[in-house]
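These figures come from a predicted structure and were not determined experimentally. Just so it is clear: chains get the letters A, B, ... in the order the sequence lines come, proteins before strands, and each one is counted from 1.
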Number of protein chains: 2
Amino acid sequence: MGGSRSTVDLDTSLGYLLKQAASALRSAMDAALRPLGLTVPQYACLELLAQRPGLSNSELARGAFVTRQSMNVLLQGLERDGLVSRPAEPPAAGRALPAQLTPLGRERLEVASSVVQQVEERMRAGLDADQQGALRALLTACVTALSDSAPK
Amino acid sequence: MGGSRSTVDLDTSLGYLLKQAASALRSAMDAALRPLGLTVPQYACLELLAQRPGLSNSELARGAFVTRQSMNVLLQGLERDGLVSRPAEPPAAGRALPAQLTPLGRERLEVASSVVQQVEERMRAGLDADQQGALRALLTACVTALSDSAPK
DNA sequence: CATTCTATGTCAGACTACTGACATGGGGGG
DNA sequence: CCCCCCATGTCAGTAGTCTGACATAGAATG
């Protein structure tokens, strides 16, 4: 078991490669969404709400991989732009405020989803169906391995 | 999870899964490096300098997936802490200032590399050698596909 | 040789995201 | 029943990162 090598070899490191891939995807999505006036986290929030209406702020934050606080300001911006609506008063049961897409938000998301799908297709250009499934399985394994061994 | 035509299905989206994996890895690395007083980009910078001494600010920025400006302030902090050294004067040929690890920086990196390697090993826990090679190949294919089709 | 293009370093500003902290609502265990 | 623990929403402060812009150095082009 290890300890013999003193530094990580970036050319063969899975972590470095993972970051490189995520960075490339992020840049491509950012460029594709910029003309629509949406950032990547904003798009992620809209997409989450389209598939699971009524998600609360904290649930959206976990789904978009940001903190509650960041998602809160993000949601305020989307509300201000009329893409998302939240009840102003606490919902009688619990504190979580369920958010909903407005018709305008749904419309904006339609366009955003199509450009993002084009980006994803570009990314999968050289992969056949089997390879895509394999990649999905391998990434899932990495995620579960990391979260299972996560302290606290 | 019915596949809708108008929106991206997050449960089967490779992009979403990629972001999830990168986020989990980032969190794990962040937690592992925090006790050492290093952030992930700082660690990336040190690791790059260990393997390719004399890299300039811009080259480090590309290698760490940040902008030149961000890498510049990051380098200033590392210089202030005595982990990295750069010549104060322009090097007669070109504008690029080659950066070097100081002995203290090398020492700090030793510890950081070991904890990061432990994180990577946790991530690869459920993958055998073949699967790791496959994952590497698939991610590389995604990166090249994205950069080849990149506009600009 | 002059011009243009590209790359680099740097400065200024704005924005994004995070950490820390506090109050509130709901569920269990004593 | 009361208390403890966890999750949520929110506020304030801080730190990190990006975009935009400018000047300079070297290469490429005519």
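Residue B:Ser58 places its side chain closer to C:dT8 than to any other of C:dT10, D:dT8, C:dT8.
Atom P of nucleotide C:dC11 and atom CG of B:Asn57 are separated by 12 Å, given to the nearest angstrom. Going from atom CG of A:Leu75 over to atom C1' of C:dA17 covers 15 Å, rounded to whole Å.
Looking only at distances, a side-chain donor or acceptor of A:Gln132 sits under 3.5 Å from a matching main-chain atom of A:Leu127. A donor-acceptor pair is defined here as one N or O able to donate and one able to accept, closer than 3.5 Å; no such pair exists between the side chain of A:Ser13 and the backbone of A:Asp9. In this structure, the side chain of A:Ser70 does not engage the main chain of A:Val66 through any donor-acceptor pair within 3.5 Å. Remark: the backbone N or O of B:Glu107 is not paired with any side-chain donor or acceptor of B:Glu110 at under 3.5 angstrom.
Contacts between residues 36-48 of chain B and DNA chain D, defined by a heavy-atom separation below 4.0 Å, involve B:Pro41, listed by number.
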Steps toward side chain to side chain donor-acceptor pair (under 3.5 Å) verdict (A:Arg122, B:Ser149): CA-CA 7 Å; A:Arg122 267 169 42 200; B:Ser149 65; 2.7 Å; yes

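For C:dT10, the OP1/OP2 oxygens have a side-chain nitrogen or oxygen of B:Asn72 closer than 4.0 Å.
For B:Gln69, the side chain to side chain contact (heavy atoms under 4.5 Å, CB included) criterion is met by B:Thr67, not counting sequence neighbours.
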Protein-nucleic acid N or O pairs under 3.5 Å, nucleotides 19-23 of chain C:
unit_1, atom_1, unit_2, atom_2, d
C:dG20, O6, A:Gln69, NE2, 2.9

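In this structure, A:Val40 is not a member of the same hydrophobic cluster as A:Val73, with clusters built from ILVMFWY side-chain heavy atoms closer than 4.5 Å. At a threshold of 4.5 Å between side-chain heavy atoms, the hydrophobic network of Ile, Leu, Val, Met, Phe, Trp and Tyr places A:Val143 and A:Tyr16 in two separate groups.
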